[in-house]
Number of protein chains: 2
Amino acid sequence: MAHPDKHIPTDAARQDSGATQGPKFQKKLTDILSSAAEVIAERGFQGASVREVAARGGVGLSGIYYYFKSKDEMLFAIQRNTFTALIAMLQEKLAGVTNPETGLRLVVENHLGYFLNHPQELKVCFHELDSLSGDYYQRVLSLRREYYDLVRSALARFGKSDEHTTSLNTLFLFGSLNWVNMWYDPSERNDSQNVIERLVDLYLRGITGATQISN
Amino acid sequence: MAHPDKHIPTDAARQDSGATQGPKFQKKLTDILSSAAEVIAERGFQGASVREVAARGGVGLSGIYYYFKSKDEMLFAIQRNTFTALIAMLQEKLAGVTNPETGLRLVVENHLGYFLNHPQELKVCFHELDSLSGDYYQRVLSLRREYYDLVRSALARFGKSDEHTTSLNTLFLFGSLNWVNMWYDPSERNDSQNVIERLVDLYLRGITGATQISN
DNA sequence: TAACAAATCGAACGTTCGTTCTAATTATAC
DNA sequence: GTATAATTAGAACGAACGTTCGATTTGTTA
């Protein structure tokens, strides 16, 4: 009881994005999360040791626990930040868009564009969905659903399929999108636009049944 | 040196499928591999403990090492068996088939059919590709390439796309196929045929650009 | 039953893991 | 400069990990 008040790590699980903490704290927290995404993408969540995350983040082992309550919370923070960003960016891009083809193109560009800039984070989100449990899992699940609904409603604008088929097409599209990080090498980023075009073409024809490519 | 000869676990890495060992040995080996696929699918490779695999397989902890040299070898055996089976089944189905639509349908039916019967094995193969290294990794990689080439050549029969586009379409298809085990619930196996049909429809139109569905 | 191999068991090894604790250091405010 | 909080550092905890080993049991062949 000699100590005034035990430090409670800022609870990255809360949505208070930095109001209570200085920018220096937020910067370090972001650095650690970036390192964590790196290590988890490489070794998997269970295989990623907190010690290595700490080393790459330039902190001591116990320093990690000043910023996060647990290893689980780090994974949760990565997934929450990523899905929140994906949703916000997509909502902004889709605002006011009515043309279905444009909507599909924006969906693909948004998702693959984010993958090009944050390959580790996206890999973690798509690869470690089941590594969380309890409250963390549920909250990420609801974000995933929100993102799914956004994409689904974009595909629904084509009006060419019944509801169930639209749902299936959405899931097929997510498969194609997420599988990209299994084979695409970002070092040769010359043909990234081509990948986007071919994927849009494929689903455009697949959904509408016509060859009405514009550009 | 009091012992005649140390037992060398039958080297599941070799391709001698049971000539040197009795059927009882092979049975138990299969049981263990099945349990291993179960645990690895649930907890990931790093998170799967040999102790739990042993428990579910009805063996003591050290009993595992009578059948396998290491945990890595177990993962290798699962992936090798799965890809070998997928390749063999697909080759048999595609034998003599020239119609491109039939080929695509057989590819999808083969892959998703295997998923329905062996969900854990397929999840392990698609989820733990990078958990192997060295020789094990290379040998699985070459099997994956063989399977990929089979599917790619089936899509190439449509003759509607250039080579690069065909490659991309193949990768997109693999994404859709492998993503299925992230959302499909095998307990409601009523609509599995519908999933296959919708996926075939989507890629049929996407590749050919026409709506030439037969049945 | 005797001999031998095949298969299983239990205990132990060295390591690494996530987490915690206390003390020391640095920054901030009066 | 002194007090107070924010941040870091180091050592240690028990638990779980993959693997090994010698002994024991089970099965097979004479």
Side-chain angles (χ1 to χ4, degrees), chain A residues 1-12 18-32 35-36 39-40 43-77 128 131-133 136, chain B residues 1-12 18 20-32 35-36 39-40 43-77 131-133 136:
Chain A
M1 299 297 185
H3 301 275
D5 252 318
K6 187 94 185 319
H7 169 77
I8 298 173
T10 322
D11 197 359
T20 61
Q21 226 80 14
K24 203 136 184 218
F25 181 90
Q26 291 296 327
K27 176 70 166 58
K28 196 100 201 173
L29 190 138
T30 303
D31 283 353
I32 294 179
S35 302
V39 180
I40 297 173
R43 312 225 192 284
F45 180 65
Q46 301 261 13
S49 78
V50 180
R51 283 165 174 84
E52 187 164 355
V53 173
R56 294 203 203 179
V59 202
L61 167 59
S62 56
I64 291 283
Y65 291 88
Y66 183 72
Y67 294 91
F68 297 96
K69 290 204 282 243
S70 68
K71 191 185 175 187
D72 280 338
E73 202 201 50
M74 291 179 53
L75 178 59
F76 168 73
E128 308 289 345
S131 298
L132 288 176
S133 61
Y136 288 154
Chain B
M1 302 296 184
H3 301 276
D5 253 316
K6 187 100 185 315
H7 170 76
I8 298 174
T10 323
D11 196 359
T20 61
Q21 227 79 16
K24 201 135 185 217
F25 181 91
Q26 292 295 328
K27 175 71 165 60
K28 197 99 200 176
L29 190 140
T30 303
D31 283 352
I32 294 179
S35 302
V39 179
I40 296 173
R43 312 225 193 282
F45 180 65
Q46 300 261 14
S49 78
V50 179
R51 284 166 172 83
E52 186 164 356
V53 173
R56 294 204 204 178
V59 202
L61 167 59
S62 56
I64 291 283
Y65 291 88
Y66 185 73
Y67 294 90
F68 296 96
K69 290 204 282 246
S70 67
K71 191 185 175 187
D72 279 337
E73 203 200 51
M74 289 178 55
L75 178 58
F76 168 73
S131 299
L132 288 176
S133 61
Y136 288 155

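Here is how names work: the chains are called A, B, and so on, in the same order as the sequence lines, proteins then strands, and each is numbered from 1.
Following rounding to the nearest Å, A:Tyr65 (OH) and C:dG18 (C1') show an atom-to-atom distance of 4 Å. The interatomic distance linking A:Lys71 (NZ) with C:dC17 (P) rounds to 9 Å, in whole Å. In this entry the distance linking CG of A:Leu29 with C1' of D:dT7 reads 13 Å, nearest Å. Distance A:Lys24 NZ to D:dA5 P: 19 Å, rounded to the nearest Å. Atom CZ of A:Phe25 is separated from atom C1' of D:dT8 by 13 Å (rounded to the nearest Å). The distance between atom CZ of A:Arg51 and atom C1' of D:dC13, rounded to the nearest whole Å, is 11 Å. The CZ atom of B:Phe68 sits 15 Å away from the P atom of D:dT20 (whole-angstrom rounding). Rounding to whole angstrom units, NZ of residue A:Lys28 and C1' of D:dA9 are separated by 13 Å.
A 4.5 Å side-chain heavy-atom check between B:Leu75 and B:Tyr136 finds every atom pair outside the cut-off.
In the set C:dT19, C:dA7, D:dT8, the nucleotide with an atom closest to the side chain of A:Tyr67 is D:dT8. Comparing C:dA6, C:dT19, D:dT8 by their nearest atom to the side chain of A:Tyr66 picks out D:dT8. Checked against C:dT8, D:dT19, C:dG18, the side chain of B:Leu61 finds its nearest nucleotide in D:dT19.
The minimum heavy-atom distance between A:Tyr67 and A:Glu73, with the atom names listed, is O-OE1, 4.1 Å. Listed here is the closest heavy atom pair of A:Arg43 and A:Ala48: CB-N, 4.0 Å. For A:Phe76 against A:Leu132, the heavy-atom pair with the smallest separation is CA-CD1, 3.8 Å.
Using a 4.0 Å heavy-atom criterion, one finds that A:Ala48 contacts the sugar-phosphate atoms exclusively. In this structure, A:Ser49 reaches the sugar-phosphate backbone alone: every heavy-atom distance under 4.0 Å involves primed, P, OP1 or OP2 atoms, never a base. Residue B:Gly60 is in sugar-phosphate contact alone, with no base atom involved, counting any heavy-atom pair closer than 4.0 Å across all strands shown.
Between the base of C:dG10 and the side chain of B:Ser62 there is a donor-acceptor pair shorter than 3.5 Å.
Put simply, CD1 on B:Ile32 and OH on B:Tyr66 are 11.0 Å apart, with the number rounded to the nearest 0.5 Å.
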